[in-house]
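Reviewing the structure listed below.
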Amino acid sequence: MMLAFDLDRDDALPQRGPAPADGPGCFGEAADHRAQRILYAARGWLAEQDGITTDGRALILLHAHRTPAERRSALVRCFERALLHAPRPELPALAASLRQAGLSVDEGLSVLGAPAGEVHAAVQGLDRFRSFPAGLRLSRVSLDDDDATIRAIQALQVEGGHAPLPGWILRGGEGRSVTLALRDRGGALVGCTTLSVLTRPWPAGEGGEGALSHLGLLGAPPLWISDVGEAPSWTGMPLCTCLREDHRGRGLGAPLQAAALREGHERFGLRWFYALIRAGDEVAKRMNARCGLSPHRAEGFLLVTAGPAGRPRRAEGRRGSG
């Protein structure tokens, strides 16, 4: 299997700073920048695939244990950074196979999740008992936001320990994401959060397991039963909930993320939510618990890269959680 995508049209120097508003808006270190450019160039191809999606920073391969080893390796080498999803009992063998293929594997991620009804109830509870202090306001990032706005959000994500999201995801990800910015009275950015839709609502074909194989990650345990005729058709994930340093520790992270979850539920009709956090990050775990997301022990993710192993990035930044 060989994949190649033309990066020339969206080419940009590997430096911190976004491209024009109609481009990928890459940001971060050289490895971040290159992975984002590849994913942006491949977005049309990705939209046609079953069981493959992206959050703009990494390829996401669902049910990776079912994917032939050669195809798995080829996908990681093409996109350079990938999140591979599988039932937890399959993860050790999957990780061993990937390492044998010369790929770097990070097993330090935990999955949190819940159906939309439980998340919605938790979010409503937060709305009743917790609001933002006077002077702080939320606004939605749109295609009209300039490069400086996008750059400020990306810089805050890096400061909070997150791999930054590219500008095209922050501006709406072609109708598959929404980003909220929290600002003070003077308009300065003090926090941000993104909700990304990761599964499509329509089947790829007529009936059969293949038509459903890309639908949803989370459900009644076990999470994926191949002979069941229904599966959650909209799955979303909160990303990069973070706050400026002087606003951390005030309990603002949960209501900020709750706003994105509520927006996702109302705007996209999401049925399931899940989040990835660094294993052992109790701050992020508590923040997500306040939003109705609890540890999910049936499935997991591996972060796989084509380059040499290095210092792992947090899936969700501890200090940025608020």
Side-chain angles (χ1 to χ4, degrees), residues 1-3 5 31-32 34-36 38-39 42-43 45-113 162-163 165 169 196-200 209-210 212-219 222-224 226 231-232 235-237 239 272 274-279 295-316:
M1 174 185 175
M2 180 175 293
L3 291 172
F5 301 98
D32 298 322
R34 179 168 173 79
Q36 292 166 18
I38 295 170
L39 288 162
R43 66 196 185 283
W45 181 84
L46 290 169
E48 298 173 350
Q49 306 305 305
D50 290 338
I52 302 178
T53 184
T54 183
D55 64 357
R57 304 173 295 183
L59 182 81
I60 299 175
L61 177 60
L62 308 181
H63 315 295
H65 61 298
R66 298 181 178 179
T67 304
E70 183 179 352
R71 177 174 169 82
R72 283 197 305 258
S73 297
L75 287 169
V76 176
R77 294 188 191 285
C78 175
F79 290 95
E80 302 187 3
R81 181 178 295 162
L83 284 166
L84 271 57
H85 154 266
R88 290 187 66 84
E90 302 283 350
L91 291 179
L94 181 60
S97 173
L98 293 162
R99 290 191 176 105
Q100 189 174 13
L103 301 171
S104 299
V105 182
D106 179 356
E107 301 180 72
L109 299 177
S110 293
V111 181
L112 310 174
H162 302 271
L165 293 165
I169 294 292
S196 179
V197 178
L198 296 184
T199 56
R200 292 181 289 172
E209 180 181 348
L212 293 172
S213 63
H214 63 289
L215 297 181
L217 296 178
L218 302 178
L223 295 180
W224 179 253
S226 61
T235 303
M237 181 165 63
L239 304 170
W272 292 94
Y274 75 98
L276 297 182
I277 65 171
R278 179 60 49 186
H296 189 75
R297 308 190 188 282
E299 292 183 294
F301 282 84
L302 302 173
L303 177 60
V304 187
T305 55
R311 182 180 178 182
R313 279 201 186 264
R314 292 193 292 268
E316 285 296 323

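Throughout, residue positions are numbered sequentially from 1 according to the sequence presented.
Using a 4.5 Å cut-off on side-chain heavy atoms (C-beta onward), Arg57 and Leu239 make contact.
Of all non-hydrogen atoms in Ile52 and Trp45, the two that sit nearest each other are CD1-CH2, 4.2 Å. Nearest approach of Val111 to Gly300, heavy atoms of both residues: CG2-CA, 3.7 Å. The minimum heavy-atom distance linking Ile38 with Phe79 is given by the pair CG2-CD2, 3.7 Å. Minimum interatomic distance between Ser196 and Thr54 (heavy atoms only, all atoms of both residues): OG-O, 4.4 Å. Contact between Asp55 and Ile60 at its shortest, heavy atoms only, is N-CD1, 3.9 Å. A pairwise comparison of heavy atoms in Met237 and Leu198 identifies CE-CD1, 3.6 Å as the closest pair.
Annotation: the span from Ile277 atom CD1 to Leu112 atom CG amounts to 4.5 Å, rounded to 0.5 Å.
Taking the six-membered ring for Trp and thresholds of 30 and 60 degrees, His85 and His63 have ring planes more than 60 degrees apart, a perpendicular arrangement.
In this structure, Arg72 contributes its side chain and Ala64 its backbone to a donor-acceptor pair below 3.5 Å. In this structure a side-chain-to-backbone donor-acceptor pair under 3.5 Å is present from Ser73 to Ala69.
The side-chain contact (heavy atoms from CB on, under 4.5 Å) with Leu83 is formed by just one residue from the set Leu302, Leu276, Leu61; it is Leu276.
When the side-chain contact (heavy atoms from CB on, under 4.5 Å) test is applied to Pro87, the partners found at least two apart in sequence or on another chain are His65, Pro89, Glu90. Every residue two or more places apart in sequence or in another chain that forms a side-chain contact (heavy atoms from CB on, under 4.5 Å) with Ala82 is listed here: Leu59, Val76, Leu84. Every salt bridge (Lys or Arg N to Asp or Glu O under 4.0 Å) that Arg99 has, sequence neighbours left out, goes to Glu107.
Salt-bridge annotation for Arg81 and Asp106: absent, with no side-chain N of the basic residue lying under 4.0 Å from a carboxylate O of the acidic one.
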